[in-house]
Amino acid sequence: MSSETNTGANTVVVVGHGMVGHRFVQSIRERDVENRWRVEIVCEEPDPAYDRVGLSSYVGAWQRDSLALDGNTYDGDDLVVTRVGETVTEIDRAGKRVVTSTGREIGYDALVLATGSYAFVPPVPGHDNSRCFVYRTLDDLDDIRTAADAAGPGAVGVVVGGGLLGLEAANALKLMGMTPHVVEFAPRLMPMQVDAGGGAVLENLVTDLGLTVHTGVGTSEIADAENGGLRVTLSDESTIDASLVVFSAGVRPRDQLARDAGLAVGERGGVLVDDSCVTDDANIYAIGEVAAVGGRCYGLVAPGYSTAEVVADRLLGGTSVFPGADMSTKLKLLGVDVASFGDAFGATENALEITYHDAVAGRYAKVVLSDDAKTLLGGILVGDASAYAMLKPMVGREVPGDPAALIAPEGGSGVGMDALPDDAEICSCNGVSKGTICSAIAAGACEIADIKKQTCAGTTCGGCLPSIKQLLAASGVELSKSLCDHFAQSRAELFEIVAVTGIRTFSELVERYGSGQGCEICKPTVASILASTSSDHILDGEQAALQDTNDHFLANMQKNGSYSVVPRMPGGEVTPEQLIVIGEIARDYGLYTKITGGQRIDLFGARVDQLPEIWRRLVDAGMESGQAYGKSLRTVKSCVGSTWCRYGVQDSVGMAVLLEKRYRGLRSPHKIKFGVSGCARECAEARGKDVGVIATEHGWNLYVAGNGGQSPKHAQLLASGVDDETLLAYIDRYLMFYIRTADRLQRTAPWLESLEGGLDHLRAVVCDDSLGLAAELEDAMARHVAGYRDEWAAVLADEDKLKRFVSFVNAPDVADPTIRFAEYDRKVPVLLDMPQVRPGAAPEAAAAEPVKEGVPT
């Protein structure tokens with residue numbers, strides 16, 4: 001960070017260093033070629049400008065630097081001084097100076113207020129409880145994380161507010177392992193972005209993902225409960241027992257500093273500015289969320305950036321004015337697409353609306369048109385916002401063709417990028433037009449990174465990146481398919497190289513077809529390819545060094561450095577004797593036990609040196625690795641089918657066991673999950689799986705390319721009414737075709753979406769053998785089935801491999817002292833108490849939290 005430098009330049013002091021404050025500094029430094037202005041930034045937070053829009057991505061990674069905005073420290077620029085962790089406490093307008101929390105006085109020639117907003121906390125009784133939080137900063141998330149860890153997995157967290165930020169907060173709680181409840185006073189979620197139809201679909205989608213939604217009610221009281229938690233009372237007199245509460249009920253402009261200085265404020269708050277963003281003091285400007293432009297504050301980053309650009313231009317003698325605000329939004333909440341743009345609610349007089357509503361598929365779309373149905377005014381998209389990139393730039397323009405085609409479920413918007421004029425805005429966050437992007441491409445910007453650097457498009461929320469890729473493709477630019485800097489080939493091309501040449505080591509592959517030593521991208525990818533093309537153990541020879549942590553230890557590493565063990569239970573079947581062994585292991589090693597979503601048991605808390613001991617007892621009981629750690633087949637979920645259920649028409653359990661044993665250990669670009677349902681009631685949720693099999697009276701229906709995760713997708717029907725033999729043949733071909741052609745870490749749903757010809761092409765390859773590959777794909781699967789060996793058992797039989805499983809190589813008998821556990825005792829009134837262990841505090845915090853050292857051996 002640069003130090004203070006005395007120059008003859010004027011001084012502009014920037015109060016606040018969020019996204020908008022940073023944009024202002026970048027803009028004035030880029031435009032100020034004569035170095036007329038020296039910038040002093042006073043940043044209250046401990047971190048310089050970071051991506052607040054992507055705040056929820058901080059959860060899980062917990063790396064502050066990952067959200068840092070590019071260039072936020074201004075290294076090498078002697079005309080920028082940044083003071084982090086310091087607050088402006090007073091503005092002396094007469095003396096043209098500010099006073100900070102350290103007592104420092106800084107004179108200014110111009111002052112820019114970029115103080116942003118704060119989270120509104122309604123005056124609910126109990127709102128000041130120590131377990132009540134807001135969702136606004138990195139520090140807020142750290143505080144919530146501490147409380148969530150103390151509450152334990154599955155504990156209830158209540159979010160007050162079901163708007164944009166409220167659902168972001170709920171998503172964060174879910175990522176922290178909590179069970180979120182969302183309370184929204186309006187009759188629907190996201191009332192400012194979606195209408196009643198969109199709200200209904202959104203509520204169904206997020207409910208399916210694990211949220212409990214309470215709409216049309218307020219929060220009346222928050223009080224300590226007898227069980228040690230909180231009791232949240234709602235306005236309908238219902239209650240929620242929770243461990244913490246997060247307020248996300250909107251924001252208010254942080255205008256107190258301006259008020260204290262006697263600056264005019266808007267009727268609803270915010271520093272009152274005109275369209276040049278100047279206050280009633282000619283030397284003071286306001287930008288971003290604190291600026292009330294014409295009396296109105298805007299809570300989105302795009303209009304904030306516009307105010308920053310206006311002030312930068314004004315300070316350099318320009319005449320820019322605020323162009324108005326584009327309130328369009330596109331986001332993904334808990335993996336659910338939501339978008340609104342233009343006049344989304346049809347406020348324009350005599351506006352017409354066309355809607356598409358598919359509650360089963362979880363999709364809602366609406367376009368608002370002028371009274372002659374020729375001009376697009378706005379719209380709403382829920383569940384599938386893929387059309388947003390095309391529709392948003394069309395607002396205010398004539399619709400090409402049938403307006404209903406804009407939201408038709410087949411064929412998307414029916415509009416291509418070539419239909420948009422050059423002045424159509426592609427990146428609304430940064431105000432970048434199609435023409436600007438095309439000009440950059442024509443000047444040689446042939447990569448996404450180049451376009452970002454030259455135009456700023458795609459550098460904020462990233463929602464415009466699909467459109468930028470389409471513009472690149474339309475300009476004849478072929479996007480690089482290189483796996484990484486060390487291999488110019490794609491994953492699919494490397495797969496073919498390995499299959500054809502018989503290369504069995506990374507070093508030979510990189511020497512002959514790549515360059516350098518490899519990286520964290522290509523090494524595990526090549527390891528996966530090698531595992532997919534042979535039955536060698538993944539820890540044999542050089543391959544062991546290529547694996548990521550989970551594959552290296554054949555177990556999933558947890559947050560405190562311990563591991564979880566998941567034995568395979570084909571189709572969910574397990575014998576009483578095996579259940580007893582699992583229980584005895586959990587008891588003897590002090591492990592946390594949980595039934596997974598895939599119908600098996602997860603054992604948490606094992607040290608690395610204990611893994612072989614646990615595996616041996618499981619293997620002796622007839623069990624094997626469930627490959628929960630690998631990019632491979634995870635589970636085949638099943639209902640009880642015709643064996644037990646009065647509605648079942650086929651033996652779904654038997655089929656599930658057959659499928660799981662056939663495809664176990666199959667390494668692939670990403671994890672794979674199956675489901676087998678014994679009838680159309682679909683109790684196994686097969687249509688949410690990569691492979692879904694549903695029984696009918698005439699055989700099996702085969703669904704493919706469904707998945708959960710960040711972007712849930714329903715599986716699509718590939719074949720219907722097939723017999724057992726045909727079903728296995730089709731699945732063999734489908735899986736091997738996917739493994740051969742998919743990109744790195746590409747799940748089956750996006751793979752199918754990217755496959756030229758889509759489902760029709762896949763059906764032709766798999767069912768009709770249009771490429772003549774059927775026999776080859778089936779033979780490849782047959783080799784995998786014949787060569788399968790349990791990875792745990794193979795380690796137990798190999799002394800060299802066993803040597804890897806120690807906490808310290810130079811002290812193999814010493815347990816890792818940094819792995820700590822605390823007693824976990826969630827007490828829910830309607831359930832039995834379930835005392836189990838959980839990850840404990842770091843050693844330096846041991847005195848503050850009771851722990852038990854390791855676990856019994």
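Between Arg763 and Asp760 there is a salt bridge, since a side-chain N of the basic residue sits under 4.0 Å from a carboxylate O of the acidic one.
Rounded to the nearest 0.5 Å, atoms CG (Leu745) and NE2 (His670) are 5.5 Å apart. Put simply, CG on Leu165 and CE on Met190 are 9.5 Å apart, with the number rounded to the nearest 0.5 Å. Considering OH of Tyr703 and CZ of Arg687, their distance stands at 5.0 Å, rounded to 0.5 Å. Distance CD1/Ile426 to CD1/Ile437: 5.5 Å, rounded to 0.5 Å. In this structure, CD on Glu184 lies 8.5 Å from CG on Leu167, to the nearest 0.5 angstrom. Atom-to-atom distance recorded for Lys671:NZ and Arg747:CZ is 5.0 Å, nearest 0.5 angstrom.
Judged purely by atom type and a 3.5 angstrom limit, Asp51 has no side-chain atom pairing as donor or acceptor with the backbone of Leu67. Judged by distance alone, the side chain of Asp402 and the main-chain N or O of Ala404 form a donor-acceptor pair under 3.5 Å. Remark: the backbone N or O of Pro323 is not paired with any side-chain donor or acceptor of Asp275 at under 3.5 angstrom. The backbone N or O of Asp371 lies less than 3.5 Å from no partner atom in the side chain of Asn350, so there is not a single donor-acceptor pair. A side-chain donor-acceptor contact under 3.5 Å links Asn72 to the backbone of Ala49. One N or O on the side chain of Arg491 and one on the backbone of Ala742 form a donor-acceptor pair closer than 3.5 Å. With hydrogens and angles ignored, the 3.5 Å screen pairs a side-chain donor or acceptor of Thr307 with a backbone N or O of Gly288. Of the possible donor and acceptor atoms, none in the side chain of Thr455 sits under 3.5 Å from a partner among the backbone N and O of Lys452. The backbone N or O of Asp384 lies less than 3.5 Å from no partner atom in the side chain of Asp337, so there is not a single donor-acceptor pair.
Annotation: Phe185, atom CZ; neighbour count of heavy atoms from other residues, nucleotides and ligands within 6.0 Å does not exceed 12. Atom CG of Asp70 has 12 or fewer neighbouring heavy atoms from other residues, nucleotides or ligands inside a 6.0 Å radius.
Residues Pro750 and Asn707 have side chains in contact (heavy-atom distance under 4.5 Å, counting atoms from C-beta outward). Proximity of Leu755 to Phe737: side-chain heavy atoms (C-beta onward) are separated by under 4.5 Å at one or more points. Between Tyr118 and Val251, every side-chain heavy-atom pair lies at or beyond the 4.5 Å cut-off.
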Item to check | Working for side chain to side chain contact (heavy atoms under 4.5 Å, CB included), residues Val691 and Tyr738 | outcome: CA-CA 12 Å; Val691 175; Tyr738 161 65; over 6 Å; no
Checklist entry - Taking it one step at a time, do Ser370 and Asp372 satisfy side-chain hydrogen bond (donor to acceptor under 3.5 Å, both in side chains)? => result CA-CA 5 Å; Ser370 59; Asp372 60 1; 2.4 Å; yes
Next on the checklist: Could you walk me through whether Leu759 and Leu718 satisfy the side chain to side chain contact (heavy atoms under 4.5 Å, CB included) test, starting with their C-alpha distance in whole Å, then the side-chain angles of each, then the deciding distance to 0.1 Å, before giving a yes or no?
Outcome noted: CA-CA 8 Å; Leu759 182 66; Leu718 184 70; 4.1 Å; yes
Checklist entry - Between His357 and Val201, does a side chain to side chain contact (heavy atoms under 4.5 Å, CB included) hold up when you go through it step by step? => result CA-CA 8 Å; His357 190 167; Val201 171; 3.2 Å; yes
Next on the checklist: I'd like to know whether Asp255 forms a side chain to side chain contact (heavy atoms under 4.5 Å, CB included) with Thr115, so could you lay out the CA-CA distance, the side-chain angles of the two residues, the decisive distance to 0.1 Å, and finally the verdict.
Outcome noted: CA-CA 8 Å; Asp255 57 15; Thr115 50; over 6 Å; no
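Checked by atom type, the side-chain pair Ser117/Arg136 shows a donor-acceptor distance below 3.5 Å. For Ser27 and Arg31, the side-chain atoms include at least one donor-acceptor pair closer than 3.5 Å. A donor-acceptor contact under 3.5 angstrom links the side chains of Arg52 and Tyr50, judged on distance only.
Arg23 and Ala308 get closest at one heavy-atom pair: CG-CB, 3.9 Å. Taking each heavy atom of Asp743 and Pro669 in turn, the nearest pair found is O-CB, 3.5 Å. Pairing each heavy atom of Phe322 with each of Val310, the nearest pair is N-CG2, 3.8 Å. Nearest heavy atoms, Leu752 versus Ala705: CD2-CB, 3.5 Å. Of all the heavy atoms in Ile380 and Ala344, the pair that sits closest is CD1-O, 3.6 Å. Closest approach of Val213 and Val206 over heavy atoms only: CG2-CG2, 3.9 Å.
The side-chain hydrogen bond (donor to acceptor under 3.5 Å, both in side chains) contacts involving residues 189-214 comprise His181-His214, Asp195-Tyr364, Asp195-Lys366, where partners must be two or more places apart or lie in separate chains.
For the pair Arg252 and Phe120, the cation-pi test (distance below 6.0 Å, angle within 45°) is passed.
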